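Notes follow the structure.
Residue numbering restarts at 1 for every chain, and letters A, B, ... go by the order of the sequence lines. All values below come from the heavy atoms of this structure, side chains included, with hydrogens, waters and symmetry mates left out. Since we're looking at a predicted model, the values are computed, not measured.
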There are 2 protein chains.
Amino acid sequence: MPRKDDMQLAARRVRMEEVARVAGVSLATVSRALKAPETVSKKRLALVREAAERLGYAPNRIAGSLAGTSSPLIGVIVPSLTNAFFAATLDRMSAILEEAGYQMMIGQHDYDIEREERIVTAFASWNPAALVVTGRDHTRGTLALLTAATCPVVEMWDHDERPIDSAIGFSNRRAGQLAGRYFAEGGFERVAFVGAILSSDPRAAARAEGFAERFTEGGRQAPLIMTAAGRDIAEGGIALRQVLQQQPDTRAIAFSGDMLAVGAMFEAARLGLSIPEDIAIMGYGDLDIAACTNPPLTTIRPPHEKIGKAVAKHLLDRIGHDDAGRENLDLGVELVVRATA
Amino acid sequence: MPRKDDMQLAARRVRMEEVARVAGVSLATVSRALKAPETVSKKRLALVREAAERLGYAPNRIAGSLAGTSSPLIGVIVPSLTNAFFAATLDRMSAILEEAGYQMMIGQHDYDIEREERIVTAFASWNPAALVVTGRDHTRGTLALLTAATCPVVEMWDHDERPIDSAIGFSNRRAGQLAGRYFAEGGFERVAFVGAILSSDPRAAARAEGFAERFTEGGRQAPLIMTAAGRDIAEGGIALRQVLQQQPDTRAIAFSGDMLAVGAMFEAARLGLSIPEDIAIMGYGDLDIAACTNPPLTTIRPPHEKIGKAVAKHLLDRIGHDDAGRENLDLGVELVVRATA
DNA sequence: CTGTTAGCGCATTCAG
DNA sequence: CTGAATGCGCTAACAG
């Protein structure tokens with residue numbers, strides 16, 4: 001490991017001290033000129049900026065974070081990076097936060113709350129400016145860490161009473177209720193709900209519950225609740241066949257995701273079933289594809305991008321502004337009626 | 001802002017010094033016990049571990065990174081988080097790197113290389129253990145930063161001569177050639193290539209070039225190259241109509257993405273066109289959906305997940321091991337013939 | 001408005 | 001194998 005006073009070819013990265021020397025001011029003035037320009041005289045501000053520019057100075061954020069109160073790092077944990085919903089949320093967040101000079105550290109736990117705990121632990125040790133997690137289902141350890149955290153904590157994608165700190169999302173139970181009531185009002189007798197891995201996705205499980213709850217309200221027979229092995233489109237077709245086998249008189253199926261629904265539509269076509277005449281289909285997510293299928297998919301639209309924007313803005317509000325308080329926002333969810341149900 | 005010697009309710013985070021005190025050893029011993037257990041006697045190792053456990057000690061990674069040579073942070077920059085290809089790559093990388101104790105900082109530039117430069121600059125100031133960018137198309141500034149970087153730099157998703165440092169990907173031109181040759185051999189006379197925003201996506205542009213190059217080889221008429229306004233499924237249908245309008249005798253279309261191709265298939269159905277009899281369709285990406293459509297989509301499969309794994313492993317190899325050298329890997333690409341072409 | 005002075009929490013010399 | 005001492009590069013009091 002080379003020592004810094006060795007003769008070295010690799011130029012050392014330029015430090016604040018050199019900028020100060022070149023600009024003919026003190027270290028502190030450089031620091032202020034860069035972080036709070038309004039607290040420095042115009043004359044020196046210009047000197048510092050010019051020197052920094054000329055030397056190609058880039059501050060060392062690690063050092064800055066150690067000396068300062070907290071780091072411009074925001075930890076965000078989602079179940080999966082490949083899930084289009086969370087990707088949309090992350091996309092919006094990153095656009096806004098990057099603009100404001102924050103960096104997102106992203107972690108995924110694959111619907112495993114033990115892994116979530118490990119990631120929260122790891123993130124906490126970076127002294128982040130904020131921590132964002134998905135949902136309200138955590139281990140006791142995660143809960144303890146998050147409760148003790150000195151930075152703002154946001155639970156997103158779920159709305160409920162008494163969040164740890166702030167929560168921004170919507171009610172998944174209500175989303176399920178929307179579908180259940182719609183099927184009930186549609187006069188269907190026998191229906192089913194297909195959810196991907198309901199045991200590990202508490203949000204999908206909440207939708208299933210809400211669905212069953214509302215559908216059975218008028219004294220109707222309880223829906224068949226079926227678990228699909230995954231969220232991919234291929235599972236949709238498999239699930240359709242299974243539902244029809246277990247409950248042949250099923251006339252309507254609600255899926256926990258649009259891709260499952262589309263897979264079922266493709267499979268229905270292969271089976272010679274027409275939609276919605278033979279079987280009605282409802283999706284969840286309102287992905288771009290929903291509007292394009294034949295016939296276009298009736299689905300439920302969660303506020304994926306709205307969540308991203310709202311979380312990012314809330315964070316920016318709270319970081320720094322001591323007056324900005326916690327928040328518990330329900331962004332709502334809507335039924336988009338198209339032609340499959 | 002509370003000072004640390006104030007009476008405070010919020011417990012201060014436990015530091016290494018407290019662990020040292022409780023374990024009855026020096027600070028240095030704690031540090032060594034935690035980072036290089038083999039350099040400490042069994043007896044003290046146990047003492048330190050117990051104390052750390054009991055106090056719930058979590059090291060401050062910011063401080064560690066400042067004192068140490070570099071940080072366990074890996075900067076990864078992709079064009080878009082919502083693009084399923086990059087999402088798959090990030091997913092694999094994060095799984096492997098997280099396991100090894102590294103944190104990914106993810107940035108997206110939305111196919112804007114000026115924004116890429118800003119993100120690279122920001123990431124560099126975190127003293128990362130490695131930097132990963134997508135593709136080989138960079139501003140001069142980015143090039144300068146990356147060339148001067150003291151950490152490993154990987155350009156992924158593209159393969160070419162002379163990368164900045166390491167490169168792991170495949171040849172997009174070759175991917176295009178595969179499609180061009182297939183259409184030529186299929187005996188088509190008039191064909192088209194539809195690419196999303198070709199002006200800003202150099203990889204899609206390379207595929208278009210490769211496509212035209214091979215298709216025209218036998219003296220065939222040059223294909224119509226058409227730019228779609230976006231990557232979403234809805235654009236596929238729009239593009240199909242435009243192609244048919246501009247070149248009514250088109251008998252085969254290659255798309256720069258599976259979702260565009262699927263959108264075109266849905267639109268073709270609405271237009272009463274049958275696939276592949278009236279018009280042949282080829283996708284790119286081999287997303288899950290490709291195998292499920294009616295008929296199943298013929299497409300080209302890039303090694304999305306393989307790239308993620310290979311990049312992560314290469315990084316782990318290189319970080320620390322001075323002996324591990326640069327790499328320039330072509331992971332290949334394959335044509336998946338199904339039923340649309 | 002400015003410069004001087006102290007650390008931030010840890011990794012790493014160096015002596016023992 | 002261990003402990004004392006030093007400093008990573010910067011920010012935040014503080015006094016002028």
Side-chain angles (χ1 to χ4, degrees), chain A residues 1-6 12-21 23-48 52 55 57-73 101 124-129 150 320, chain B residues 1-6 12-21 23-48 52 55 57-73 101 124-129 150 320:
Chain A
M1 199 141 306
R3 291 172 19 216
K4 65 164 174 296
D5 48 10
D6 280 358
R12 279 188 61 64
R13 235 174 88 185
V14 11
R15 284 162 305 169
M16 191 178 270
E17 186 232 324
E18 303 185 45
V19 178
R21 202 154 25 98
V25 301
S26 75
L27 245 176
T29 299
V30 176
S31 178
R32 282 188 288 245
L34 266 26
K35 302 212 64 160
E38 71 280 7
T39 65
V40 167
S41 69
K42 292 225 175 247
K43 192 181 109 200
R44 293 184 212 238
L45 180 56
L47 283 171
V48 170
L55 297 172
Y57 172 69
N60 180 329
R61 308 287 237 140
I62 299 270
S65 302
L66 181 57
T69 314
S70 87
S71 71
L73 238 27
S125 67
W126 285 98
N127 224 211
T150 54
Chain B
M1 202 139 303
R3 294 179 8 224
K4 65 165 173 295
D5 48 11
D6 279 0
R12 279 189 62 63
R13 238 174 83 187
V14 12
R15 282 160 307 166
M16 192 178 269
E17 186 232 323
E18 303 185 45
V19 178
R21 204 154 24 99
V25 302
S26 74
L27 245 176
T29 299
V30 176
S31 179
R32 283 188 286 245
L34 266 24
K35 303 213 63 158
E38 70 281 7
T39 65
V40 167
S41 69
K42 293 225 174 247
K43 191 181 110 200
R44 292 182 213 239
L45 181 56
L47 283 171
V48 169
L55 297 172
Y57 173 69
N60 180 330
R61 308 287 238 142
I62 298 270
S65 302
L66 181 58
T69 316
S70 87
S71 71
L73 239 26
S125 68
W126 284 98
N127 228 211
T150 54

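- Qualifying side chain to side chain contact (heavy atoms under 4.5 Å, CB included) partners for B:Ala124, counting only residues two or more places apart in sequence or in other chains: none.
- For A:Ala67, taking side-chain heavy atoms from C-beta onward, the closest of the listed nucleotides D:dG7, D:dC10, C:dT4 is D:dC10.
- Among the heavy atoms of the strands lying under 4.0 Å from B:Ser31 is at least one base atom, whether or not backbone atoms are also near.
- In this structure, CE of A:Met16 is placed 11 Å from P of D:dA12, rounded to the nearest angstrom.
- Between A:Leu47 atom CG and C:dT2 atom C1' there is a gap of 14 Å when expressed in whole angstrom units.
- Applying the side chain to side chain contact (heavy atoms under 4.5 Å, CB included) criterion to A:Ala20, with sequence neighbours excluded, gives A:Val30.
- Taking only side-chain atoms of B:Ala28, from C-beta outward, the nucleotide of C:dT4, D:dT2, C:dT12 with the closest atom is C:dT12.
- B:Arg44 contributes atom CZ, which lies 8.0 Å from atom CG of B:Leu47 (distance to the nearest 0.5 angstrom).
- Rounded to whole Å, the distance from CZ on A:Arg15 to C1' on D:dG7 is 11 Å.
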Using distance only, find each side-chain donor-acceptor pair of residues 32-39 of chain A under 3.5 Å and give its atom names and separation, not counting sequence neighbours.
{"unit_1": "A:Thr39", "atom_1": "OG1", "unit_2": "A:Ala36", "atom_2": "O", "d": "2.8"}

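- Residue B:Arg13 contributes atom CZ, which lies 9 Å from atom C1' of C:dG9 at whole-angstrom precision.
- In this entry the distance linking CD of B:Glu18 with P of C:dC8 reads 12 Å, nearest Å.
- Atom CG of B:Leu27 is separated from atom P of C:dA11 by 10 Å (rounded to the nearest Å).
- Partner A:Tyr57 forms a side-chain contact (heavy atoms from CB on, under 4.5 Å) with one of A:Met16, A:Arg13, A:Glu18 and no other, that one being A:Met16.
- Scanning for side-chain hydrogen bond (donor to acceptor under 3.5 Å, both in side chains) contacts around B:Ser26 gives B:Thr29, with sequence neighbours left out.
- If you take CG on B:Asn127 and CG on B:Leu66, they are separated by 8.5 Å, rounding to the nearest 0.5 Å.
- At C:dC10, one or more side-chain N or O atoms of B:Tyr57 fall inside 4.0 Å of OP1 or OP2 (strictly under the cut-off).
- Rounded to 10 degrees, the angle separating the terminal helix axes of the helix from C:dC1-D:dG16 to C:dG16-D:dC1, each built from five base pairs, is 30°.
- Atoms CH2 (A:Trp126) and P (C:dG9) sit 16 Å apart, rounded to a whole Å.
- Mapped onto DNA chain C by nearest heavy atom, B:Asn60 and A:Arg44 fall at different nucleotides, with A:Arg44 at the one closer to the 5' end.
- Taken from CD1 in B:Ile62 to CZ in A:Arg61, the straight-line distance is 10.5 Å, to the nearest 0.5 Å.
- In this structure, B:Arg61 places its CZ atom 9 Å from P of C:dA11, rounding to the nearest Å.
- Across residues 32-40 of chain B, B:Arg32, B:Lys35 each have a non-hydrogen atom less than 4.0 Å from an atom of DNA chain C (numbered order).
- Between B:Thr29 and B:Ile62, it is B:Ile62 whose nearest contact on DNA chain C lies nearer the 5' terminus.
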Query raised in the report: Can A:Val48 and A:Val25 be said to form a side-chain contact (heavy atoms from CB on, under 4.5 Å), step by step?
Result: CA-CA 8 Å; A:Val48 170; A:Val25 301; 3.9 Å; yes

